[in-house]
Each structure stands twice: as C-alpha cells, then as structure tokens.
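First comes the structure, then the notes that go with it.
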Amino acid sequence: MNYSNLSLHTDKYQINMMYAHWMQGSLNKKSVFEAYFRKLPFGNGYAVFAGLERVVSYIQHLAFDDETIDYLRQQEEGYQEGFLEELRRFRFTGCIRAVPEGTLVFPNVPIIRVEARIFEAQLIETAILNFMNYQTLIATKASRIKQVAPHDTLLEFGTRRAQEADAAVWGARAAYIAGFHATSNLRAGMLFGIPTKGTHAHAWIQAHDTEEEAFAKFAEALPDQVSLLVDTYDTLKSGVPNAIKTAKLLEAKGKRLQSIRLDSGDLALISKEARAMLDQAGFPHVKIIASNDLDENLIMNLKAQGARIDVWGVGTQLITAADQPSLGGVYKLVAKEKDGDYEPVIKISGNPEKVSNPGVKETYRLLNRQSGRAEADYIALGSEQEPREGAPLLLFDPATPYRSKTLHDYESVRLLRDIYVNGELVYVLPDVETIRAYHESQLTLFRPEIRRMLNPEEYRVTLSRKAWDLKMELIHEYHP
Ligand SMILES: Nc1ncnc2c1ncn2[C@@H]1O[C@H](COP(=O)(O)OP(=O)(O)OP(=O)(O)O)[C@@H](O)[C@H]1O
Ligand SMILES: O=P(O)(O)OC[C@H]1O[C@H](OP(=O)(O)OP(=O)(O)O)[C@H](O)[C@@H]1O
Ligand SMILES: O=C(O)c1cccnc1
C-alpha cells in the first residue's frame, strides 16, 4: 500500500464533477477559484497564513498511479476508461498565486488563487483547504501564545495529542513560523530544520529506585543537556532539592544544570519557590520550564500572578487548537471561461457574509507612508489599475458609509505572489527561518490595537467601487 500518493486526497464529489466535465467536454474550460476564510479564529484580530509549502509539495507530486486508477475503476459510479486515461495523463498545468507564508491575513481576502482548467482546479480544492485551514489555524494559535510571552522561550510539545502524524509535524512547523523556538518532534526538526528540545518523562524517574539516583544517572548520560522533571513525588520537598544536588554534581565536573521542569500543581506558587531555592543554592542560571495543558490564557494569568517561568512547553491546546478546532476557509469559483474571456460568477446566500465576491481580483495592502503601518486591504478587480501611490483612494464601506475614508499618503503592496505559472513552479520556497523572520517583520506593520489578544480592533478590508458594483450587479441579476 502506497500511503504517500495524495491524488485521491480529495472529496469524491470533485472526481464526480471532473467526470461530468469530461463527459460533456467542458474539462478544458478555464476557471478561477479563490481561497479565503470568513471569520477570524479565537477572537483574534488577524490570522497567520501557513500551508503553502505543503500545497506546493502536493502539486509537485500530483499524479494518478496504477493503484489509484484501479481503485477508481472499482467505484460504483462506473467511470469510463477514457476518463481514467485522462486522469493517468493528469498533471497540473495551471497558475497558482498565494500570499507568502507568515503573512498576516484577514477575512474575505483571497489567500490562494487558482487559475486552471476546471478539471484541475476542482480536483485540488479539498487538499488546498485541508492544508491551509489547519496550518493557518495552528500558526494563529501559536501567535496568540507568542503575544502573551514575547520574551520567553516557547516549546511545542503537542505530538502525542495531535490529530495524527501529519498534524503533528505541520503543526510544529506552523508554531515555529509564528514565533515558537523549538519542537519536541524530531521528524519536524529533520524535515524542516526546526530546532528541537527535550527534557525527560516521569517514566525515567519511576524506572529508578529513587528520584535522586534518576537525576544523577540522567546527568551522567547527557551532561551538556540536563533538564530535570521535578514533580514526580513532591516538587518542593524532593524534586527541587534533588535537582540542586544534581546541579552540584555537574558543577564539580565543570558542567551546568540547564533547567528544571514543573508539570503539575500551582505553577505560579511553585515556580516562585523553586526560583528562590535555586537562587539561594547558587544556581540563578538554571531556567524553569512549565508544562501542563497550557494555553495563552493560562500563561497570561500565570504571568499576572508573578510566576517565575522562563520556558513554556505547550502541547494539547496548541496542536489541536482546542478552543476552535477548525478555520472555516472556503474555495469559491469567481470566474469561468466564456467565449474566450472570463465571466464573473457569484454564490448568493441568505447570510450576507456568505455572498461571494465575484470576478478575478487582486488584493493590495495599503501602508501609511507616515507611520509605516498597514491601513487596510483593498480588493480590486484584476482589470482595474493598481492603486497609484499617493493618488487619493476612497476606502468605501457601503454597509456603514460613515466609516468610509480617503487615503492620501500610502504605499500599496500586492499580496498575491506567483507560485505556479502554466504548471511551472516559479516560486522559490523560503526556508523556515526566513519565513519566521518575515512573519516577525510583518507583525510590526500592524497597530497594537489590531494585534491585541482580547477584543482587537477590526482591520479594514475594502472592496473597490468597481468590485462592489459588479457584486451588486450580479446579485440583482439573480434577485431582480
Ligand atoms: N497558579 C495557577 N493559576 C491558574 N491555573 C493554574 C495555576 N497553576 C496551574 N494551573 C493550571 O491548572 C490546571 C490543573 O492543574 P493541576 O495541578 O490540578 O493539574 P493536574 O493535571 O490535575 O495535576 P497532576 O498532573 O498532578 O494530576 C492545569 O491546566 C495547570 O496548568
Ligand atoms: O500538557 P500539554 O500542553 O499537552 O503538554 C504535553 C504534556 O505531555 C506530557 O505529559 P504526559 O502525561 O503525556 O507524559 P509525562 O509522563 O512525560 O508527563 C508532558 O509532561 C506535558 O504535560
Ligand atoms: O521534552 C519534554 O519535556 C516533553 C516532550 C513532549 C511532551 N511533553 C514534554
């Protein structure tokens, strides 16, 4: 069984639509789809885009092999052999544009745009959303944690609680992009070049007759990387005193105990007492790591209580995005080929937020030239001229006209970059360090009011007048 071929990592309805397009001869018609989300997760003021590397790796390897074709042949739909032959020849020949990973993104702004034969664009919807939704969610959760502990070390510990293996490694990568410092997952370390860190489990202590012996033996085995878990029996009565004994043993050998880890009890109280004990014994350099179902709220609370914690190990709550386990990103058809041109299409819904924005669009991030800060994202039709720097630009808000605003001194940056052009990968994927640094620089473009964790100010996302008029026109066409 070949588990690595992802060509069938799609919903059956995509294959059925591809089949129907093949049957009616419309498979080669061009189409444009845009991927975006409608609502920010966790009540955050922004999301952190991640998932592009996975999308690229998927597209690069996208091919139907014998096993997948045989499997499709067995389906109750009775796909004709000609269709299966078409799939055998399948390769991605279209164009993909996307925002770079680490970019701050907002509701309704196209993050990925696919322009391809409908046959191809339809197949890849499911996988693209799968990658983008999960990784963006975890990067955003990690970013919230980073916001409350900007100067502390953050370790990603989630693998054992993650929704399976892919979620663990891509989640570890997403967390690193958003500012975590290391992961416990060695495979993520090897695949992506993320720093790795590890202490030890309670089992190490339980496997010895005494805690003191367990600590000493661990220090003997790994004298340069000693981090001791001190809560197996009694943190303050035995764990910390035994760790101090081990620190002294190491000191005699010219080595240093690096850290202790607290994993239960009142982390604020215990960390303060442990800090005092370590300092008094002459080990102020020994860091205190805390873990135990932590998230951004607990960490903020512990810091408010004066906890003396230098390093936070975060697992379950981060890797599962426990308080909001899904980002509702969607992939919508915005234009279809008609008579050699693109015709805009719309999806209407009873819920005004769900009415799609028709037409092939371009998004510009408008930066205030005085402050250097991002003022708004401006979504215009691709056929419109790029906002000309300095020329007054109306950010028009039809729902609340009093919020309309004219920008004067601004710079405009195109958000979408070319990733694939006519099936060729033209984008050089940055390494994870570069993405992480880029993300950090992007954060500084946004005012603290947008970045704050609780009740952030809403960042402005505006349609151009022409994009708005087109939307209204199509709505009136269907609902005269
Ligand atoms: N000072 C504190 N203020 C608020 N929450 C805390 C504080 N100290 C610890 N917590 C959190 O409270 C939750 C429960 O802690 P508790 O020590 O009862 O954990 P536990 O898992 O039951 O312990 P054990 O591992 O010994 O079973 C954890 O999520 C922990 O991070
Ligand atoms: O609490 P999380 O944020 O999910 O972080 C990961 C948890 O995984 C480990 O616990 P576990 O009980 O699995 O093993 P242990 O015996 O090493 O404590 C570790 O001690 C953390 O508490
Ligand atoms: O290294 C650790 O301390 C660790 C790793 C995974 C999960 N919990 C803790």
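Below, all heavy atoms of this structure are taken into account, side chains as well, without hydrogens, waters or symmetry copies. Quick caveat, the model's predicted, so the values are computed rather than measured. Indexing begins at 1, ligand by ligand and atom by atom, following the structure's order.
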Legend entry - Structural part of His200 in contact with ligand 2, heavy atom criterion under 4.0 angstrom: neither
Check: residues 42-62 side-chain donor-acceptor pairs under 3.5 Å, at least two apart:
from	atom 1	to	atom 2	distance (Å)
Asn44	OD1	Arg144	NH1	2.8
Asn44	ND2	Tyr46	O	2.8
Tyr46	OH	Ser143	OG	2.6
Tyr46	OH	Gln147	NE2	3.1
Glu53	OE1	Arg173	NH2	3.0
Arg54	NH2	Asp166	OD2	2.9
Gln60	OE1	Tyr420	OH	2.5
His61	ND1	Ser57	O	2.7

Inset, instruction - Take Asp70 and Gln74 through the side-chain hydrogen bond (donor to acceptor under 3.5 Å, both in side chains) test and state the conclusion after the steps. - result: CA-CA 7 Å; Asp70 285 348; Gln74 293 159 27; over 6 Å; no
Inset, instruction - Write out the residue and atom name of the closest protein heavy atom to atom 8 (N) of ligand 1, then the distance separating them to 0.1 Å. - result: Leu267 N, 2.9 Å
Legend entry - Atoms of ligand 3, numbered as shown, that sit under 4.0 Å from any heavy atom of Gly198: 1 (O)
Inset, instruction - With atom 10 (O) of ligand 2 as the reference point, say which of Gln206, Gln317, Arg161 has the nearest heavy atom. - result: Arg161
Legend entry - ligand 2 contacted by Arg160 (non-hydrogen, < 4.0 Å): yes
Inset, instruction - Specify the protein heavy atom at minimum distance from atom 26 (O) of ligand 1: its residue, its atom name, and the distance to 0.1 Å. - result: Ser264 CB, 3.3 Å
Legend entry - Which residue and heavy atom of the protein sit nearest atom 7 (C) of ligand 1, plus the separation: Leu302 CD2, 3.7 Å
Legend entry - Sub-4.0 Å protein heavy atom near atom 12 (O) of ligand 1: no
Inset, instruction - Tell me which one of Asn292, Thr232, Ile270, Asp231 gets a heavy atom nearest to atom 14 (C) of ligand 1. - result: Asn292
Inset, instruction - May I ask you to identify the nearest protein heavy atom to atom 4 (O) of ligand 2, giving residue, atom name and distance to one decimal place in Å? - result: Thr316 OG1, 2.5 Å
Legend entry - atom 22 (O) of ligand 1 protein-contacted (non-hydrogen atom, under 4.0 angstrom): no
Inset, instruction - Starting from atom 3 (N) of ligand 1, find the nearest protein heavy-atom neighbour and note its residue, name and distance. - result: Gln305 NE2, 3.0 Å
Legend entry - Test item: Glu375 and Lys405 side chains (from C-beta on) under 4.5 Å apart, heavy atoms: yes
Inset, instruction - Check whether any N or O atom of Leu298, backbone or side chain, sits under 3.5 Å from an N or O atom of ligand 1, and answer yes or no. - result: no
Legend entry - Donor-acceptor pair, side chain of Arg452 and main chain of Leu454, under 3.5 angstrom: yes
Legend entry - Non-neighbouring partners of Tyr427 that pass ring-ring contact (aromatic ring centres under 6.0 Å, His included), sequence neighbours left out: none
Inset, instruction - Note the single closest protein heavy atom to atom 9 (C) of ligand 1, along with its residue, its atom name and the distance in Å. - result: Gly265 O, 3.2 Å
Inset, instruction - Step through the shown structure and confirm whether more than 12 heavy atoms of other residues, nucleotides or ligands are within 6.0 Å of CZ on Arg308. - result: no
Legend entry - Min heavy-atom dist Asn301 to ligand 1 below 4.0 Å: no
Legend entry - Leu294 N/O to ligand 1 N/O under 3.5 Å: no
Inset, instruction - Could you tell me whether Lys12 atom NZ has more than 12 heavy atoms of other residues or ligands within 6.0 Å of it? - result: yes
Inset, instruction - Examine Gly313 against ligand 2 and note whether any of their N/O atoms are separated by less than 3.5 Å. - result: no
Legend entry - Leu443 backbone acceptor or donor facing Arg451 side chain under 3.5 Å: yes
Inset, instruction - Enumerate the atoms of ligand 2 whose separation from the nearest heavy atom of Asn292 is less than 4.0 angstrom. - result: 1 (O)
